[in-house]
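Read the structure below first, then the notes.
To find a chain, count down the sequence lines: A is the first, B the second, and so on, and within it residues start at 1.
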2 protein chains.
Amino acid sequence: MESGNQSMEKKRKDLLMEIFSAGLRAVDPEAAVRSQVSRQGNCLTVGGRAYDLDYFRRVILIGAGKATALMAKALEELLEDYLIEGLILVKPGYAVPLRKTRVIEAGHPIPDQSGLEGTVEIIRRLSAASEKDLVVCAFSGGASALLPAPVPPLNLSQKQLTTQLLLECGAEIGEINSIRKHLSRSKGGGLARAAYPATLISLILSDVVGDRLDVIASGPTVPDDSRFADCIAMVERYGLASRLPGPVWQYLKDGAAGLFPETPKAGDHIFAKVQNIVVGNNRMALLAARDQAEALGFRTLLLTSGLEGEAHQVGRMLVALGKEVGFSGHPVAPPACLLAGGETTVTLRGQGKGSRNQELALAAAIALEGLSRISLLSAGTDGTDGPTDAAGAFVDGATCQRARARGLDPGDFLSRNDSYHFFESLGDLLITGPTRTNVMDIMCLLIE
Amino acid sequence: MESGNQSMEKKRKDLLMEIFSAGLRAVDPEAAVRSQVSRQGNCLTVGGRAYDLDYFRRVILIGAGKATALMAKALEELLEDYLIEGLILVKPGYAVPLRKTRVIEAGHPIPDQSGLEGTVEIIRRLSAASEKDLVVCAFSGGASALLPAPVPPLNLSQKQLTTQLLLECGAEIGEINSIRKHLSRSKGGGLARAAYPATLISLILSDVVGDRLDVIASGPTVPDDSRFADCIAMVERYGLASRLPGPVWQYLKDGAAGLFPETPKAGDHIFAKVQNIVVGNNRMALLAARDQAEALGFRTLLLTSGLEGEAHQVGRMLVALGKEVGFSGHPVAPPACLLAGGETTVTLRGQGKGSRNQELALAAAIALEGLSRISLLSAGTDGTDGPTDAAGAFVDGATCQRARARGLDPGDFLSRNDSYHFFESLGDLLITGPTRTNVMDIMCLLIE
């Protein structure tokens with residue numbers, strides 16, 4: 001009986017892993033680039049728009065983000081000899097060997113000197129590009145930290161202190177990003193401005209809910225709709241005028257007075273030469289996972305690619321959906337696979353180790369206790385769930401019972417945010433290593 | 001344009017209200033009773049089981065709960081002259097005129113002397129019932145408070161203090177209920193024991209997630225699986241032995257020593273003469289709401305009847321599902337209606353007025369801002385959302401904009417738990433008055 005349960009458990013893990021892996025394959029950065037970019041002879045087609053490569057004097061590649069090395073690899077293969085040179089910034093450990101593209105490992109999530117120097121070099125190369133040059137960009141999650149470029153005369157620590165102050169006074173992320181874009185030479189369309197009058201193609205692997213182009217990687221090639229005056233109003237609303245670093249406040253006031261140009265806006269002529277295109281996102285991963293689940297014999301329901309909110313609450317809600325399937329066959333009858341994606345958050349209450357996917361899974365395990373036919377996987381597509389070496393975890397109705405048999409109290413681990421050690425003890429961590437892609441998280445629920 | 005928006009908004013409210021009302025009609029207590037109980041001549045059929053009314057010497061009716069008056073009305077009409085007498089306990093304002101049944105309005109949610117006296121009278125009548133008597137019971141949400149009957153020598157305030165201490169030390173609701181059942185003559189099968197050897201039919205309108213019969217109304221006619229020894233262990237685990245009222249602790253210890261009988265267990269002979277049946281629940285309301293939505297031209301998805309969790313988080317998650325429908329047509333293409341039910345909770349952070357449905361709707365309004373084709377209703381089927389005179393609220397993508405135009409900051413109202421005043425100002429409260437039914441809450445999301 002025990003071995004029967006073990007093999008059932010093993011089979012569920014295998015099924016969940018097959019479905020998750022199919023999702024990952026669909027957003028492999030190389031596959032994602034090739035899904036939107038193709039070449040025949042001198043004709044490069046990007047999302048249905050054609051470029052005559054022979055028209056251009058030089059084709060260069062730049063990029064930043066966790067998934068960018070593999071995106072660059074695909075672009076090198078696609079562009080072949082048309083590509084003259086490239087420069088990308090990646091998180092340490094995320095580099096791969098490239099033929100023509102220089103890869104700089106820069107600080108993430110805290111920007112460092114390598115990132116600063118690399119970004120300056122990117123801006124230098126873009127600024128040198130002529131009207132007859134083509135710039136191909138590759139951006140993915142993590143690029144904001146990898147592309148630091150404070151406007152002169154500001155330095156990195158002044159920018160970081162500003163962000164810190166805004167966070168502490170409760171400013172919303174959209175407000176903070178508006179100010180960061182105004183203090184940066186790269187963000188908020190900054191790289192598009194630097195590249196003008198060259199033609200620019202920006203390939204984007206989305207790691208944000210809703211794929212907002214002005215949010216992914218802080219939108220280096222995308223119009224920004226905020227103004228210096230908005231930044232001033234925001235600083236004053238939060239009573240920060242006297243607390244901001246002096247040069248930052250002075251810069252914003254001078255900008256509002258017209259001494260510096262606003263970030264480029266939608267309709268600005270520079271964007272006539274820019275194509276931004278999302279080559280991969282959470283929904284693409286979910287669709288591929290769905291196809292795999294159907295091939296395995298499950299009725300499927302792709303719930304949403306836009307999950308947000310507190311991880312343990314989302315875990316409970318997913319279980320509520322799974323229980324309904326099991327008890328009443330709504331909205332689909334078993335065997336069923338419910339799929340969702342997005343990125344939840346964890347409000348820390350304890351000192352434990354873990355992150356959003358593992359915490360979601362632990363809360364789900366508690367809500368599932370004793371149900372024999374429901375199992376769940378929650379995992380980050382980048383292979384790293386917060387500060388852990390796991391992508392996420394597996395749970396089913398027997399998880400809590402198995403934990404108690406080892407003297408582990410699931411509720412206690414959850415209240416201490418210690419999901420990693422809980423699943424480590426049970427051998428139920430999902431470990432993939434770095435996947436070199438990043439389209440947020442995937443949750444898969446099987447109801448047999 | 002403004003009037004166009006207003007009429008659009010009016011039309012959405014009408015659609016949402018039509019769908020919600022169809023759900024309410026399906027769980028109208030009279031309709032619910034008649035869906036499971038019918039009579040032809042001397043034959044009473046209850047959920048497929050037949051009773052020969054001529055066999056019984058006396059048929060009596062007892063009950064407690066918010067919806068019980070209308071359940072009793074249907075039972076009086078069904079039983080006609082077979083019914084000898086009845087006694088039910090309802091929340092003040094929930095009585096209706098009955099022919100043979102005495103209706104006592106008793107304290108809710110805080111038990112009072114009327115409830116105590118009424119419960120004693122119910123137990124007296126049940127104890128007087130013989131083997132050839134039939135007891136028909138009607139229970140619905142609220143019955144726990146309406147049926148107070150401390151075991152002698154305990155009094156009501158000692159029981160209440162015990163519950164309070166358990167809540168404060170973080171005991172789980174299941175643990176608290178185990179102790180309450182052991183301190184009560186009515187809960188945890190107490191009324192079934194009192195009625196034995198009479199035949200007993202218990203008609204139950206469920207107001208709990210998963211329809212657990214031992215939880216609804218504290219299971220007065222249902223086996224209880226906890227023991228005095230469990231209660232002792234729990235009290236000691238939370239370090240409450242010296243803090244409980246002395247007589248309570250003494251009673252539990254004496255019970256564990258075998259001086260008092262355990263609550264009746266599954267398999268106990270008394271339950272051979274008991275039929276418990278759920279006549280209405282949240283899922284029935286959702287199914288009827290779904291049929292109405294389909295009749296109105298929407299593709300529908302009944303998500304779950306088991307929603308739990310923090311109201312504002314659930315609101316955000318429902319919006320995430322609605323956005324996916326709008327953006328990608330998953331899991332159904334617009335025009336679509338997503339339906340969910342259950343009961344969320346609110347962790348109070350502010351001093352405002354509101355409750356779970358209004359708070360859920362306000363969080364949804366914030367997440368929906370600017371989207372033109374999504375609207376949501378969240379409302380309690382009993383017509384009262386917490387301590388307010390509203391059942392819930394309506395929201396759509398224009399709600400926040402309309403609020404700001406009146407100088408109201410949605411995020412501020414949410415952080416103060418002041419959703420009632422927010423929606424009152426906008427005229428977007430859903431007000432039904434007491435519906436005299438109670439199957440938790442319904443959320444309806446329309447995506448056009």
Tell me, side chain or backbone of Leu338(B) under 4.5 Å from chain A's heavy atoms, or both, or neither?
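Contact with chain A: none, neither part.
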If every non-hydrogen atom of Leu303(B) is compared with every non-hydrogen atom of Leu321(A), which pair is closest and at what distance?
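Smallest heavy-atom distance, with atoms named: O-CD2, 3.4 Å.
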How close do Ala320(B) and Gly306(A) get, counting heavy atoms only, and between which atoms?
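Scanning both residues, the minimum pair turns out to be CB-O, 3.2 Å.
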Selection from Gly342(B), Ser328(B), Gly322(B) maximising heavy-atom pairs under 4.5 Å formed with chain A
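Most heavy-atom pairs under 4.5 Å with chain A: Ser328(B).
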Heavy atoms only, distances under 4.5 angstrom: which of Lys323(B), Arg283(B), Glu172(B) has the most pairs with chain A? Name it, please.
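The answer is Arg283(B).
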Among [range], which ones touch chain B with a heavy-atom distance under 4.5 Å?
range: residues 308-318 of chain A; answer: Glu308(A), Gly309(A), Glu310(A), Gln313(A), Val314(A), Arg316(A), Met317(A), Leu318(A)
range: residues 439-448 of chain A; answer: none
range: residues 329-336 of chain A; answer: His330(A), Pro331(A)

Filter on salt bridge (Lys or Arg N to Asp or Glu O under 4.0 Å), then keep only pairs touching residues 293-306 of chain A, sequence neighbours left out; what's left?
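Those involving residues 293-306 of chain A do not exist here.
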With rounding to the nearest 0.5 Å, note down the distance linking CD in Glu324(A) to CG in Leu286(B).
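One finds 7.5 Å between CD of Glu324(A) and CG of Leu286(B).
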Who wins among Leu339(A), Val209(A), Leu302(A), Leu301(A) for the most heavy-atom pairs under 4.5 Å with chain B?
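Highest number of pairs under 4.5 Å: Leu302(A).
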Is it the case that over 12 heavy atoms from other parts of the model lie below 6.0 angstrom from the [atom1] atom of [X]?
X: Arg404(A); atom1: CZ; value: yes
X: Arg373(A); atom1: CZ; value: no
X: Arg212(A); atom1: CZ; value: no
X: Glu168(B); atom1: CD; value: yes

